[in-house]
Amino acid sequence: MSGTGAGPAPADRLSHLRPSPIRAIAEGAPADAVPMGLGEPGWDLPAPAAEALASVAGPCAYGPNAGLPELQEAVGAFHGEPAARVLLACGSQGALFALVQAWAGPGDEVLVPDPGFLAYPALARMAGAVPVPYALAPDFSLDPGAFAEALDRAPRARLALVNHPGNPTGAGASREALAAVAAACEARGVLLVSDEVYRDLHLGPRAPGLRDVTAGGVVLGSVSKAWGAPGLRVGWALGAPELLAPARLVHAYMVTAPARTSQLAALALLRASGAVLAEARAHLQVRWEAFSGAWAEAFGAAPAPGAGGFYHWQPLPPGADPMAFCLRLRDEGRVIVVPGHAFGERGRGHVRISYAGDPGRIREGVARLAPFWRTA
Ligand SMILES: Cc1ncc(COP(=O)(O)O)c(C=O)c1O
């Protein structure tokens, strides 16, 4: 702690934490702005979860620190892994926090994709570690060469994060790229964490995952995206028990266990995965058709679909100042999108547009934003 004599001061390791530009965009938006910045499904909570929540009865106990054994079993069964290789957490974000705290400390380095989910560098810094951004391929998929280059520049790397399909780009990772990155991490003794929370939300074929190439490393999943339940705050990590054990301790000291009612609802969702995921993909398809149809009408050509998730990664008009452009789009165009530099310096030339919301509003949003590209 470094005090100024003027009262308590926050811990030094938080000194690099900044509010995200997403907040600056969302705050002060016109009341009728179309929200295309959202990173969550806009459809209703699937019925099995709603029914499970409605039927909660009896004492609302803490339950085991590790979470409900039935839910561990169900998550394991979905992924074809034993329950002992499942860590249940308060969202995949809870698992991420616990893993980063457990495996990286002051002065250590954590490899993060750039552009990438904005929590990654923040979580590294909160552990006192240094985030080391690595570049992606020109199409924003995982590039093992760029990853290896960053790893070479990071002699104190302890942990590496990959995310595919990616937030904010929607781009995936090939089996070959995953195998090369996994081998590079193994050779260096770096823990590889593969964030696959968008993997079951796809328009075309399901994208490859880390488990297609190795039983090593840790894979993250969540009911927040494909199972349509971000508010339950239930996610998980899958990996060898000895990799998960220190993260279990961190998570238990942080929150004891995920909320029991949420776990019961998540259990109902996992057990109904076949129907719930098929429905989620139908919701996604309807939204994609609204988005790509309106886009084709406005721009004369349909956008290319990503590997999974509900984000379109759009280059800014040439020469546009990212923040000024997004604020003008918000205040004059009445559409909220996220400036790409929120996700890292290499995202500076793009914006993230979400099509997770209401299909009618998506069409309206595209009609409102298109003139800003045409006249830029
Ligand atoms: C790539 C990625 N990982 C993890 C999370 C955290 O999700 P949750 O904690 O809801 O599982 C998000 C949320 O937007 C995300 O985009």
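Start at 1 and go down the list; that is how both ligands and their atoms are numbered.
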Report, in ascending order of atom number, the atoms of ligand 1 lying under 4.0 Å from any heavy atom of S222.
8 (P), 11 (O)
Indicate yes or no: does R211 engage E81 in a salt bridge with an N to O separation below 4.0 Å.
yes
Cluster link V132 to L191, ILVMFWY, side chain under 4.5 Å
no
N/O of Y198 under 3.5 Å from N/O of ligand 1, yes or no?
yes
Does an N or O from S92, backbone or side chain, lie closer than 3.5 Å to an N or O of ligand 1?
yes
R287 to Y355, cation-pi by 6.0 Å centre distance and 45° axis angle
no
Assess whether a salt bridge exists between E364 and R368, defined as any Lys/Arg side-chain N lying under 4.0 Å from an Asp/Glu carboxylate O.
yes
In ligand 1, which numbered atoms sit nearer than 4.0 Å to a non-hydrogen atom of G91?
9 (O), 11 (O)
Starting from atom 10 (O) of ligand 1, which protein heavy atom do you reach first, and at what distance in Å?
S224 OG, 2.6 Å
Criterion side-chain contact (heavy atoms from CB on, under 4.5 Å) against H341, the qualifying member of R348, H350, R346
R348
Going by the atom numbers of ligand 1, which of them fall below 4.0 Å from some non-hydrogen atom of V197?
2 (C), 3 (N)
Classify the contact between K225 and ligand 1 as side chain, backbone, both or neither, using a heavy-atom distance cut-off of under 4.0 Å.
side chain
Quick check on R233 - does any of its heavy atoms sit under 4.0 Å from an atom of ligand 1?
yes
Any salt bridge linking R199 with D212? Criterion: basic side-chain nitrogen under 4.0 Å from a carboxylate oxygen.
yes
Is there a heavy atom in G235 that sits closer than 4.0 Å to ligand 1?
no
Do F78 and W236 have their ring centres less than 6.0 Å from each other?
no
Protein contact of atom 12 (C) of ligand 1 - nearest heavy atom, named by residue and atom, plus distance
F117 CZ, 3.4 Å
Would you say N163 has any N or O atom under 3.5 Å from an N or O of ligand 1, going by distance alone?
no
Are D200 and K225 ion-paired here, with the side-chain N under 4.0 Å from a carboxylate O?
no
Enumerated ligand 1 atoms positioned under 4.0 Å from heavy atoms of D195
1 (C), 2 (C), 3 (N), 4 (C)
